[in-house]
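Just so it is clear, the model here is predicted, and its values are computed rather than measured.
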Amino acid sequence: MNKRTYILLAVALVCFLTAIFILVARNSSMEPETSSTATSNTFYNSTPNTLSSQESSMISVQSSESSMISSLYLVKEYQGHIGVFEQGSSNPFQEIKVAVADLPEADQKLLKEGIPASDQNELNRIIEDYES
């Protein structure tokens with residue numbers, strides 16, 4: 001190959017990498033859009049660009065009273081990070097040192113409302129989602 005071919009390949013590579021960089025930067029700066037599809041009392045949350053830690057999980061939405069009765073635990077924001085509460089308790093029995101402000105907006109909203117867990121396995125899954 002001659003010098004001209006190398007120069008053309010180098011310019012093409014720079015253009016390609018620049019285009020990828022612009023696409024990645026644009027996608028990471030976009031606000032997540034949340035859409036919900038309701039089927040009775042079950043919602044599936046999806047955000048096309050920034051995925052919530054709970055994104056792939058089905059979240060059953062019940063009235064707050066019945067949700068609290070059937071849930072043993074509640075994972076929610078506590079003093080800027082994540083707290084794990086037993087049913088009816090105002091103080092967390094476990095605190096996860098993950099800053100809620102650093103999480104995607106969809107997770108922040110879920111944690112502000114509280115994520116119910118009906119058993120220890122479900123609680124562990126929720127905690128693992130935020131600790132990873």
Side-chain angles (χ1 to χ4, degrees):
M1 286 194 205
N2 62 24
K3 187 175 180 180
R4 183 176 176 191
T5 305
Y6 283 118
I7 292 172
L8 286 174
L9 285 174
V11 169
L13 182 61
V14 169
C15 290
F16 178 74
L17 292 175
T18 303
I20 290 176
F21 176 77
I22 290 170
L23 289 173
V24 169
R26 185 181 304 163
N27 285 341
S28 66
S29 68
M30 292 179 69
E31 294 268 335
E33 297 175 19
T34 305
S35 64
S36 299
T37 304
T39 306
S40 70
N41 286 340
T42 303
F43 291 87
Y44 297 91
N45 291 332
S46 68
T47 53
N49 296 320
T50 305
L51 298 179
S52 159
S53 297
Q54 302 299 314
E55 180 63 30
S56 62
S57 303
M58 181 179 77
I59 301 172
S60 295
V61 179
Q62 303 169 336
S63 69
S64 58
E65 183 179 62
S66 65
S67 178
M68 291 299 169
I69 292 171
S70 64
S71 298
L72 295 175
Y73 307 102
L74 188 65
V75 180
K76 65 180 185 175
E77 181 177 4
Y78 177 75
Q79 297 180 350
H81 56 277
I82 300 172
V84 181
F85 297 80
E86 291 180 319
Q87 178 184 6
S89 177
S90 59
N91 293 320
F93 72 88
Q94 181 179 356
E95 294 180 39
I96 302 169
K97 298 298 179 186
V98 173
V100 173
D102 294 341
L103 297 172
E105 192 175 315
D107 281 341
Q108 292 179 30
K109 184 177 179 184
L110 285 171
L111 289 166
K112 188 172 203 110
E113 295 170 2
I115 304 168
S118 58
D119 59 33
Q120 187 68 43
N121 289 334
E122 187 176 6
L123 176 63
N124 290 340
R125 181 190 52 77
I126 294 168
I127 291 171
E128 287 173 5
D129 283 347
Y130 288 111
E131 287 182 325
S132 59

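- Taking NZ of Lys112 as the start and CD of Glu105 as the end, the distance is 11.0 Å to the nearest 0.5 Å.
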Could you check Val98 against Asp102 for side-chain contact (heavy atoms from CB on, under 4.5 Å), going step by step and ending with a plain yes or no?
CA-CA 8 Å; Val98 173; Asp102 294 341; over 6 Å; no
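- Checked by atom type, the side-chain pair Glu128/Asn124 shows no donor-acceptor distance below 3.5 Å.
- Separation of atoms CG (Leu110) and CD1 (Ile126) is listed at 9.5 Å; rounding is to 0.5 Å.
- In the hydrophobic clustering of ILVMFWY residues, with side-chain heavy atoms under 4.5 Å counting as a link, Val14 and Leu8 come out apart.
- A distance of 8.5 Å separates CD1 of Ile115 from CG of Leu74, quoted to the nearest 0.5 Å.
- Pairing each heavy atom of Ile127 with each of Gln94, the nearest pair is CD1-OE1, 3.7 Å.
- In summary, the side chains of Gln120 and Tyr73 do present a donor paired with an acceptor at a separation below 3.5 Å, with no hydrogens or angles considered.
- Taking the six-membered ring where tryptophan is involved, the planes of Phe85 and Tyr78 are perpendicular, since the angle between them exceeds 60° and thus also 30°.
- A pairwise comparison of heavy atoms in Pro92 and Gly83 identifies CB-CA, 4.0 Å as the closest pair.
- A distance of 4.0 Å separates NZ of Lys97 from NE2 of His81, quoted to the nearest 0.5 Å.
- Using a 4.5 Å heavy-atom threshold, the side chains of Glu131 and Ile96 count as touching.
- No donor-acceptor distance shorter than 3.5 angstrom exists from the side chain of Glu95 to the backbone of Ile82, with no hydrogens or angles considered.
- In terms of heavy-atom proximity, Leu103 sits nearest to Gln108 at O-NE2, 2.7 Å.
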